[in-house]
Amino acid sequence: MSLVFTLVCVSLLSEVVSEERTVRYKIYEEVRPPTVIGTLASNVTWTPDKTRRTFPGIRFKLMSPSTGSFIRFRESDGRLTVEERVDRERVCKGNPRCVITFDVAFVSAEQFELFHVEVEVLDVNDNSPEFPRVECTVEISESAALGTRIALDAAEDADVGSNSIQTYHLSENTHFSIDVVTRVDGVKYAELVLVKELDRESRTFFALKLVAADGGHPAKSGATNVTVKVKDANDNSPLFDHSHYSVDVPEDTPVDSLLLDLNAVDPDEGLNGQVVYEFGKQVTKKIRQLFKLDYKTGHLTLQSPVDYEDETTYEIDVQATDLGHNPMPSVCKIIINIRDVNDNPPEIILTSITSVTDGVAHVSEATGPDILVALIGIKDKDTGANGQVSCTLNGGHGNFRLKRAYEGSYTIVTMAPLDREKIPEYNLTVVAEDFGVPPLRMVTHYIIWLTDVNDNAPTFSAKIYEGFIEENQLPGTYITTILASDQDSGLNGEITYELFDSDTNSVSRFAIMNQAGNVYALQSFNYEVTKRLDLRVQASDRGWPQLHSNAVLIINIVDQNDNTPSITQPPLVNGSAEIQLPRDAPPGYIVTRIAAKDSDAGLNAELTYKLYDGGDFGFAIDPNTGEIYINRKIAYDEYDLWKVLVTVNDNGHPSLTSTATIHFTLTESTPSNGNFYDEREDSEPKQWMLILILALTSSSLLFLAILSFILCKSRKNGQKRQGYSTLPGYGKDNARPITVWKGNSMMTIAVRDPQISGKDSGKGDSDVNDSDSDISEGLKKDYTSYKGLWACTSECRILGHSDRCWSPSVSVNSRHLSTFSRTRPCSQATLQRSSYDTQTNRSVALHSLTEDQQSQYDYIHVCSPQSQRRQDSENTDVQVFTHSTKPIATESSGRFTEA
């Protein structure tokens with residue numbers, strides 16, 4: 001028989017088979033407790049960490065009330081162990097296959113996984129065959145025909161399979177043999193077969209021994225003594241209507257119902273013809289309790305209720321005998337088949353994944369879609385259509401649904417995200433109904449309350465923390481502080497810390513104090529062994545499901561000067577070494593080199609070499625390289641042996657020192673030419689520095705020279721753009737002498753006449769100190785003779801011909817400029833026309849003026865109009881006639897006209 005539970009399990013045998021969600025294990029009965037059957041964690045398809053099978057918030061849940069008294073289940077990792085001695089015969093009661101099944105759910109914050117576990121208990125040959133009686137007696141007529149069969153008692157063996165009864169053996173004799181027969185229920189028994197005619201006068205009985213043997217290793221057996229009595233011949237024996245009968249009995253047949261009316265006929269008269277009925281000697285006690293055979297009538301009736309689920313077939317031997325002297329029994333075989341009826345309603349075993357209080361399951365509102373909420377186990381003891389069950393779920397509001405897990409099992413899973421604020425409670429109804437006629441059903445209610453969730457994980461103030469600790473510090477030394485915060489409240493907001501090694505993900509050698517987050521060393525460190533530790537800090541709240549956050553903690557081990565320099569060259573023996581010194585080695589010759597190393601780092605590993613003693617002999621040592629060389633001439637004739645004490649210091653605080661005693665002995669060998677100490681090597685960095693400084697200085701001077709050239713060029717171009725006067729003698733180059741008209745005659749004027757200067761003093765416009773108007777210290781010059789030449793206004797004269805008035809204003813004093821001839825007086829009409837043309841050609845005149853400023857003139861005529869004309873033509877533009885086709889620009893009140 002198979003015991004069905006609702007759980008997930010693992011087993012104990014060397015063979016583990018996994019098919020879909022079914023895990024099968026095999027164990028032998030009689031194993032000693034506490035034998036481990038198996039661990040479910042090894043069958044989980046996903047784990048956060050393969051090196052650790054137990055985590056907060058992750059567990060295995062047994063989905064049935066029990067797994068039997070001999071199996072213990074551990075939720076942390078799903079381990080199954082044998083708690084007590086396993087007796088297969090007690091658990092499965094002779095079933096050929098003894099299987100214990102149960103379901104287990106693997107639950108974590110992220111997922112769930114459902115396992116259907118089958119633990120098969122294998123039989124061992126721990127039972128011997130046993131006969132119901134130690135001795136049995138059978139009778140046979142001396143006139144019995146050869147081949148006559150007499151059924152003997154069947155032996156019983158609680159084991160199954162090959163360990164059960166396999167054969168029977170009969171002690172040696174000349175008249176009987178046995179034939180092993182298997183009943184419909186699989187039980188084997190022996191029939192005594194007559195193989196030689198009997199003669200009661202010669203022998204009245206036979207004492208035989210029947211042995212039953214099983215097929216175990218080693219085989220076990222049981223025996224019974226069989227006494228065969230030989231009776232006088234009886235004329236006739238009763239005869240049944242049929243030698244075999246088959247009866248179908250519904251399992252709901254009432255007690256005392258007639259199952260079969262047996263009839264056997266004996267043709268003899270009197271007592272020899274009266275027939276009685278009784279069960280054969282091999283009929284078991286159980287059959288005798290279920291069925292009743294009337295001794296006289298042969299009516300077979302039901303004495304106790306039968307159950308199809310307990311046994312489906314019974315085989316009964318019935319013998320009929322007369323009441324005469326030396327009766328000869330007749331035997332018939334009856335096969336009773338129990339027929340199943342729909343007498344068992346379905347059973348619903350509902351197991352909640354979440355906690356249950358007073359029949360109410362609590363489910364977190366953060367549960368996502370397709371998450372296991374409960375497991376439903378459906379059982380129906382009936383078979384066929386009577387045992388086929390349909391299952392439905394009502395009241396889920398579209399948020400829960402029923403999902404088939406495997407044969408006879410369903411799960412209640414979520415369909416959509418849950419919202420406690422919308423629907424705080426669900427009243428689910430599970431209905432199981434079979435397909436029998438009439439159908440039987442079972443209804444179970446499942447109430448779910450949604451709970452608030454821990455939806456905020458702890459957060460660190462930084463993603464990476466860095467701490468420092470000096471090596472050789474005692475355990476318990478403070479390193480740093482790591483802080484995390486959680487927005488939740490209550491247990492959901494309480495934070496605990498764990499520290500893991502990043503490479504192994506195991507608990508680190510450091511511990512973090514709860515709540516405070518202070519990190520302390522749990523051991524002393526050696527910088528030379530470990531320079532840095534990369535750790536993972538995990539902050540966890542105390543909510544469910546528990547939430548975690550991680551940060552990186554880098555622990556830097558700070559070096560301390562705890563290692564003394566170790567002298568490696570030359571090799572020392574008891575702290576000293578002997579070095580050969582060539583005779584007559586000159587100064588500068590390198591005798592040997594001291595080499596040392598220091599396991600520390602940084603300044604603690606920087607070494608300095610010194611001669612503590614022996615330097616007055618003429619030896620010196622390079623403090624950086626450790627080369628011992630001759631720094632002055634040595635009197636080799638005075639000594640044959642020199643002893644020098646060398647110290648090697650590191651730059652740590654405090655500094656550590658190693659010493660070595662070097663003995664120099666003279667040899668006649670020749671000093672090596674290339675083995676000389678070059679002091680210039682120390683100055684090489686200085687020479688390179690000097691070269692670098694010179695190069696930078698040269699580059700700077702070259703840059704300054706280029707910059708100066710650019711500035712000078714820019715200034716010269718600026719002066720050129722400012723230009724010179726277009727009047728003769730005020731250009732850039734020296735101009736030729738010019739001829740001007742003065743009064744009624746022509747007059748030639750030399751360039752840059754010292755008496756006629758347009759130069760500004762550079763002290764500002766109209767300054768009294770301008771060169772041409774300087775009247776200081778009685779040196780005032782008379783420029784009245786040049787009145788007609790410059791045609792200056794009175795303002796210009798007052799300003800001393802400054803830069804503001806070097807060019808006359810046409811609007812005030814109209815001048816007619818011509819290259820060769822004197823300009824004729826102009827009429828009023830001409831002046832008016834000239835004014836019109838001038839206004840229309842201002843833009844052209846401006847361009848012409850620019851070009852004329854860059855040209856040179858051979859002659860210039862400055863006419864001095866009469867004062868009357870000056871008054872008439874004041875503020876009037878005058879047309880200037882000239883033979884030249886190139887325009888000459890004039891200025892009138894700040895405007896230019898075309899001549």
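Between the side chain of T313 and the backbone N or O of N337 there is no donor-acceptor pair closer than 3.5 Å.
Side chains of D501 and S508: a donor-acceptor N/O pair is present below 3.5 angstrom, by distance only. In this structure, a donor-acceptor pair under 3.5 Å is present between the side chains of D159 and N127. Side-chain polar atoms of D382 and N344 form a donor-acceptor pair below 3.5 angstrom. A donor-acceptor pair shorter than 3.5 Å cannot be found between the side chains of N386 and D434. Checked by atom type, the side-chain pair T182/Y189 shows no donor-acceptor distance below 3.5 Å.
Legend: residues meeting ring-ring contact (aromatic ring centres under 6.0 Å, His included) with F400, ordered by chain and number and at least two apart, are Y426. For E433, the side chain to side chain donor-acceptor pair (under 3.5 Å) partners are R441, not counting sequence neighbours.
Between F500 atom CZ and L535 atom CG the span is 11.0 Å, to the nearest 0.5 Å. Atom OG1 of T354 sits about 10.0 Å away from atom CG of L450, to the nearest 0.5 Å.
A salt bridge links R542 with E494: the closest approach of a Lys/Arg side-chain nitrogen to an acidic carboxylate oxygen falls below 4.0 angstrom. Between R339 and E251, no side-chain nitrogen of the basic residue sits less than 4.0 Å from a carboxylate oxygen of the acidic one, so the salt-bridge criterion is not met. Salt-bridge annotation for R88 and E29: absent, with no side-chain N of the basic residue lying under 4.0 Å from a carboxylate O of the acidic one. A salt bridge does not link E120 to R24: none of the charged side-chain nitrogens sits closer than 4.0 Å to a carboxylate oxygen. Salt-bridge formation is detected for the pair D310/K286: a Lys NZ or Arg NE/NH1/NH2 atom is positioned less than 4.0 Å from an Asp or Glu carboxylate oxygen. Salt bridge absent: K188 and D157 never bring a charged side-chain N and a carboxylate O closer than 4.0 Å.
Between F60 and F106, the ring planes are tilted. Angles from 30° to 60° get that label.
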